[in-house]
K.L.:
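Let me give you the structure first, and then I'll get to my questions.
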Number of protein chains: 8
Amino acid sequence: MQVREGTLSVDKAKTALSSFEDIGFAKIDHQRETRTGFPEIIFGEGKDAEQIISIISSLQQNTNRVLATRVDREKADAIKKVIPDIVYNAKARTVLWKSESEPDFLYNGYIAVVCAGTSDLSVAEEAAVTAEAFGVHVRRIYDVGVAGIHRLFHHLEEIEQATVTICVAGMEGALPSVVGGLISNPIVAVPTSIGYGANFQGLSALLTMLNSCASGVSVMNIDNGFGAGYFATTIHKIHRNTELLGR
Amino acid sequence: MQVREGTLSVDKAKTALSSFEDIGFAKIDHQRETRTGFPEIIFGEGKDAEQIISIISSLQQNTNRVLATRVDREKADAIKKVIPDIVYNAKARTVLWKSESEPDFLYNGYIAVVCAGTSDLSVAEEAAVTAEAFGVHVRRIYDVGVAGIHRLFHHLEEIEQATVTICVAGMEGALPSVVGGLISNPIVAVPTSIGYGANFQGLSALLTMLNSCASGVSVMNIDNGFGAGYFATTIHKIHRNTELLGR
Amino acid sequence: MQVREGTLSVDKAKTALSSFEDIGFAKIDHQRETRTGFPEIIFGEGKDAEQIISIISSLQQNTNRVLATRVDREKADAIKKVIPDIVYNAKARTVLWKSESEPDFLYNGYIAVVCAGTSDLSVAEEAAVTAEAFGVHVRRIYDVGVAGIHRLFHHLEEIEQATVTICVAGMEGALPSVVGGLISNPIVAVPTSIGYGANFQGLSALLTMLNSCASGVSVMNIDNGFGAGYFATTIHKIHRNTELLGR
Amino acid sequence: MQVREGTLSVDKAKTALSSFEDIGFAKIDHQRETRTGFPEIIFGEGKDAEQIISIISSLQQNTNRVLATRVDREKADAIKKVIPDIVYNAKARTVLWKSESEPDFLYNGYIAVVCAGTSDLSVAEEAAVTAEAFGVHVRRIYDVGVAGIHRLFHHLEEIEQATVTICVAGMEGALPSVVGGLISNPIVAVPTSIGYGANFQGLSALLTMLNSCASGVSVMNIDNGFGAGYFATTIHKIHRNTELLGR
Amino acid sequence: MQVREGTLSVDKAKTALSSFEDIGFAKIDHQRETRTGFPEIIFGEGKDAEQIISIISSLQQNTNRVLATRVDREKADAIKKVIPDIVYNAKARTVLWKSESEPDFLYNGYIAVVCAGTSDLSVAEEAAVTAEAFGVHVRRIYDVGVAGIHRLFHHLEEIEQATVTICVAGMEGALPSVVGGLISNPIVAVPTSIGYGANFQGLSALLTMLNSCASGVSVMNIDNGFGAGYFATTIHKIHRNTELLGR
Amino acid sequence: MQVREGTLSVDKAKTALSSFEDIGFAKIDHQRETRTGFPEIIFGEGKDAEQIISIISSLQQNTNRVLATRVDREKADAIKKVIPDIVYNAKARTVLWKSESEPDFLYNGYIAVVCAGTSDLSVAEEAAVTAEAFGVHVRRIYDVGVAGIHRLFHHLEEIEQATVTICVAGMEGALPSVVGGLISNPIVAVPTSIGYGANFQGLSALLTMLNSCASGVSVMNIDNGFGAGYFATTIHKIHRNTELLGR
Amino acid sequence: MQVREGTLSVDKAKTALSSFEDIGFAKIDHQRETRTGFPEIIFGEGKDAEQIISIISSLQQNTNRVLATRVDREKADAIKKVIPDIVYNAKARTVLWKSESEPDFLYNGYIAVVCAGTSDLSVAEEAAVTAEAFGVHVRRIYDVGVAGIHRLFHHLEEIEQATVTICVAGMEGALPSVVGGLISNPIVAVPTSIGYGANFQGLSALLTMLNSCASGVSVMNIDNGFGAGYFATTIHKIHRNTELLGR
Amino acid sequence: MQVREGTLSVDKAKTALSSFEDIGFAKIDHQRETRTGFPEIIFGEGKDAEQIISIISSLQQNTNRVLATRVDREKADAIKKVIPDIVYNAKARTVLWKSESEPDFLYNGYIAVVCAGTSDLSVAEEAAVTAEAFGVHVRRIYDVGVAGIHRLFHHLEEIEQATVTICVAGMEGALPSVVGGLISNPIVAVPTSIGYGANFQGLSALLTMLNSCASGVSVMNIDNGFGAGYFATTIHKIHRNTELLGR
């Protein structure tokens, strides 16, 4: 992490462009951390426990933090047997490994993860755990959907103080529009597939967020909690890159 | 209007089922008022001024109020030349004719027409004018979209006192969800086609409203201000039918 | 229920805006009844029996009626073991709890629930049970779809006398258009996902109802029987609020 | 027309399979009448007056009837200058040419063309004119949409007597479902693009008709009045082919 | 079946409009045969064996033929235990009951059922069995899709002799367009949901058929084999109603 | 601008929640700058020159910068006659007014605006001008689409140094995915409606960007250059808020 | 053109990756011919005559052939005034410039361009002209749609001899499926936007072609005649690259 | 295989047009190899092991190679018991049978199969195995998606040397656009259904590929690896048909 974000030189980029490890079924991108500032993350869906284990093992040699998403409990148990120092978060369905020497947090300040209903919790947790995996503090503000808007106002100050706010909502997905009219910092909106009928598996919330009448809102794919956590971290790292905690 | 709403007898219905006037290009449904409590309304789009004039003329013999919607100014001018006592509302694009003896208002109480942005005004006006055409008082509360939610709170009491609230919104259409969490009376949501890109001509707002996480919200077709005004009037008439103003 | 509907003061609203109970995985909105005139309803899908039990238990302290929807029989059995005085309706998939002192009905008059085919029954029952849960009488008129329109005419008088008519239909969803041409009171149309092929899980019926050529029809989300029952109750309560049954 | 429909021999088919006239920008299919029982019809959209004139001229040599659809008045006037004995129907936007010796009607019985609203008239007329162009009697029953269903009952007997009924409807397109529940003969449903908002240029009516809960209904493309007239004629010709009028 | 099709009098219609049997969960429409010429058919999906048994039992009193569609083998076995003289067709998933005295066939001539691929067979069989259930002869011409068009030409003469041709096709659904260019009698096109990817569960074939460049083609809902069989029968009955087989 | 971003107190928020100016057809939100750190922006589409002039005039009293988007040249000319010190950007279709004392730039560093094809230029310019309107430096890197990926590599270093990169692309919209794999700072992707056929007015590019296999990409509505510029500015302001240029 | 296709070395690619000309509003990619074997083509839509002229002028220095597509007659006339030796094809809407020394054809053999209806001609011509622009012979076989399939059989031998066949069709787009079942060489299918209603601007034909039951068919974007001509040329060049005509 | 591709005579075509074997549930097209140069391929989905066995057995009499796709392991095992010399590829889900005398490869040169992510592997393998089944060499280049574009550059030379490149990608499907800008030979793009949310089961990748800004790219149906392998083989066979390996 000694590389200063934002100043990755072109020479380094060129080196990066020519180095990865081929482990048969996948090409492990060891320079990715150098190149983008993040290690390769493992998308667990469609991979079996063994495949996840070998990718983690390969990545452990070059990075201090490895995150696998969309891992169900059964796979997580199988992974834990081989790599006991992983942490599994059942709600977020994430597996996190950190080297012992690695501190929990790398940055000052925090990201707010705001979520509309209890059914959206799993996506919100994926976002929160992702940001935490990269060393960012997170404040969780859950079940504050617009149908009972006073619950949101209770937390307004806490949201305003965050560098970035991740807004997770299913059904009609109106929450980011309301939050967007109240605060001045960037909002990352994540539609979820929670709903039924004319919800069309999250299309309704997705369109709502893309058409938000409030400015300062950008949108992730449906249920993409990981993407939101990652994107918010890219913002948070910029914010704080002149005041990184000593390591 | 002597017929008591809600008690239209089956015999009357049977008579209704066998009477209308054929004026060539259309069948004028003179018993409609008896049957549904509303005179036939003229959907002006796709009809020329002459056609609208002959339908109004035919209806004038059996009703005291005639409303034509989606009439542009040019047609309105042509109609006014033949039937000078019509009133044209350019924003709502409506033509209203009332017999001289007909009072302006028939009911106590009022309907609230709430609208998110200035671009949604034309649809909101169509709703408001429709309700007024049937003798209902309307309170207009415009430009109170969720991007600046404090504007809405200024009018909350006025909205709460309405028998029904019509909520008109384009873009992401989040307004009815917010209002729905704050009041207890019925809300009629009207999506408008205002927006661009992933708005898909109002689809976004339509889906938002159908998926509203707030209960007590029902939805009209995109841009159907007339339908909302009509539907809200059916509710308002029920409410007040034991206390009709003397005529 | 001493609060007069329609006159909820702004002061009360402000209080409402600052009070709820945080039970960990959810924020229970005890003032919701004050604010909107309805207690919080529990959307059972995605919640397990234990979660539903703790929400019911929390709500029992502040309200006399609690309704949970989308609860399958297995969950219902588990809930009944802990809270024996609930009533489970298997067709509607609803769990209802009422305090002993609470009367069955609170209002005169009735809502009609009309349904096109036997396959739409589950949605129709959800609508009916919801209205009953809030103390409104319901008349069920089932299997009267437009393919045998004479069955509808048999019940026309009963439908005309209702304050509101809920029309539930799948397949092409034409029923509300036909009913809308025959009666003068408000119609709440509910498309169901019954059908196949170009039905697209209820999209066909939804579009039909949104485009209804009959006025006086508003639309709910696909399969949203609860929403229709709730919305119809908001209308019925207005109608009768000068003649509430003595409690 | 001496060829008996339904008995076109395979030898004739083979000949048919090897004969057409190449007039440069198009291949005129002179054997089409032999092969399918209908002359080639000219789809006027996207063709200029000159092109239509040369196709008509070419076809006149081998057939007694030529129909061109989707021809606007300007083109029709240009065609009439060169071929004065055409008949232009402005509502249907059709150009018909018949040889002098050709009788108006070739069959007993009639097809009913039923249409929901005055805006659907142009499509209904295209259907009616097409059937007439092939020598079939047509009864027009217009403006009998389901919003005023008693207008339909007035004409029920006339519809029941038709060999085939063409049902034209826009908006929600419910008419064929209602008619389908009342009569026993085949119904050809034509959705029109009349409507707005969630009508999506006729998609709503199209889906309604495809999902009709009444059996005995088949569907044409949106606004395809010609196709309906043609298809109904194929049915009518079967019906009457043992009792062709003497020619 | 003594009623002459096509001449059902209005008086009979009126009687029909006031008679059906309410068996609790459904309204059995005994006059339907009088009114439309067909007995009520049972859509088996979503109904359990017991429900189907009671509807069949009720219908047996007033009709000689009862057809139930979309019945899987398990339900069929349960029905057969109670009503042993039903015939189950596993491919078509239909249950047919005929009174002993009822002849197999009621009409001369035949309907052709043409199908593109072996995967479309189930829908084609549903169409064929439906027509046979109403006493119409059927010729099955299967696996003649356009990818090997010579297979179709082998059967051209047989198709030309049919009164109506039902064309069943999945994937891109091109078969009806090709057949439509070769024969003169009506074609009923049925898209199936067979395919994958951009097939979108039959949408591709449906659109293909609606847009067919060949005239004389009308379209049913995706997988609606029953509807095609029923519709084709309405045509076939017209054709032959002056030459009904003696009963 | 003395208010420190990120620390807007709740008391100020409360004041903000009760202050705006009603100029008849719109409610001017003077506290918006206090509340969100940005003045109200004028969406010019659907507003005439006079309306834009009165909103600008009203806003001039409380802010130093006013931006109007989607203004065509004709309207811009009309506005300039009344408010001569506006700047019109014809490509971006924006009108910018700044008070004389207001410096051009308020922040160090820059945002990169990268655009795939020359046809996407108008959207890219709207993004660039918006950021500049709020005092942020912009580097424009245009016509570097993936079909000639070497053009992108030429500018990689410049892109890496930006705090945020706005990626504008139409057609298939692949650019943000490629950029996202090469840099570590946040990317704001803007799909444009440039393309034809299966592009469906930008839907293709929108879906591409939402599904980007590269992390660190968030998405705006189709053609929403303004939104991207605004959102990127919210990020840039966070970054630099400890090193604001002295004013 | 001395570079052997298929053997472009990596060194050359690297050079290619660093050379283009910036003419202000566009980056001219002079190495493109080296890199991909084709000069840059100009997509004329959205570019004015002046822009097209400067791009042609710039490209003339490095290539012998320049093609501009989607150029209407007005622009073409303006271009011709400045660059008189261009050839304009009004049907294809293409502008072609060749250096005097450049031969018309570079390859043996031919591509077949087959088109279903006269309305699809413009797209077919764009494909044909594109292939010719790169020196490939083209055989045009137009108006052979499946509704009169015998016209196709007349040309079967000619189609079989082509190296590649481009199949252009609108409406339901069935032509490539039929051709695909008859020949063994590759087929490039191009859906056109010709049609109406459920055609949805070419979506119907597009889906048909993607779902073709015949193998050996690949698909281009709707109306993308240029793409088809280009793609077919890439195939033709492979085929013939051992027997290039002497130059 | 003695028939020279590209020169199949019309006489042979005519014979082909009248010969196939009817094995009851299917028509085996033995002349297909003569006609199109490929034997009939078995689409295994929806067929049981027995059906596949009888089709293979029937085809073995007339061809040296039989390929069945979409066969799961269970079916494959059942087939192997009856026909032991098949080869099952579990990733591709294909069953291949070759006569003993048949050589592995029939052509010089190779096809490149390039794939973006490990999840797309199954589709890529289906493409590769199909080409190999017809005797074409394949080079597999997997896991080179655009999110780490340097992995692609490592293989650029190998891709450039292929006659055809098959590009398989899910998620946003950007890979073919990037490859298309770098090489000059034809690219066959295959979208996969890998992804979630706004991916809509592969729609996103499909639209991306259809709208590719790079020329020389044609598209197959979602997940249609077989089609891509087959289509690429049609190209490869043309290329090499003057230098077939001696057999």
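Below, each value reflects all heavy atoms present in this structure, side chains not excepted, and no hydrogens, waters or symmetry copies. Lettering of chains follows the sequences in order, A, B, ..., and the numbering in each one begins at 1.
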K.L.:
Find out whether I149(E) and I149(G) are in side-chain contact, i.e. whether some heavy atom of one side chain is under 4.5 Å from a heavy atom of the other.
P.N.:
yes
K.L.:
Give, as side chain, backbone, both or neither, the part of F200(G) having an atom under 4.5 angstrom from any heavy atom of chain E.
P.N.:
side chain
K.L.:
Specify which of G195(E), S212(E), A174(E) makes the most heavy-atom pairs with chain G at under 4.5 Å.
P.N.:
S212(E)
K.L.:
Is the CD atom of E132(E) crowded by more than 12 outside heavy atoms at less than 6.0 Å?
P.N.:
yes
K.L.:
Measure the CG-CG distance between L203(G) and L203(E) for me, rounded to the nearest 0.5 Å.
P.N.:
7.0 Å
K.L.:
Which one of V146(E), I194(E), L175(E) satisfies the side-chain contact (heavy atoms from CB on, under 4.5 Å) criterion with C213(G)?
P.N.:
V146(E)
K.L.:
Using every non-hydrogen atom in the two residues, find where A198(G) and N211(E) come nearest and quote the distance to one decimal.
P.N.:
O-ND2, 3.0 Å
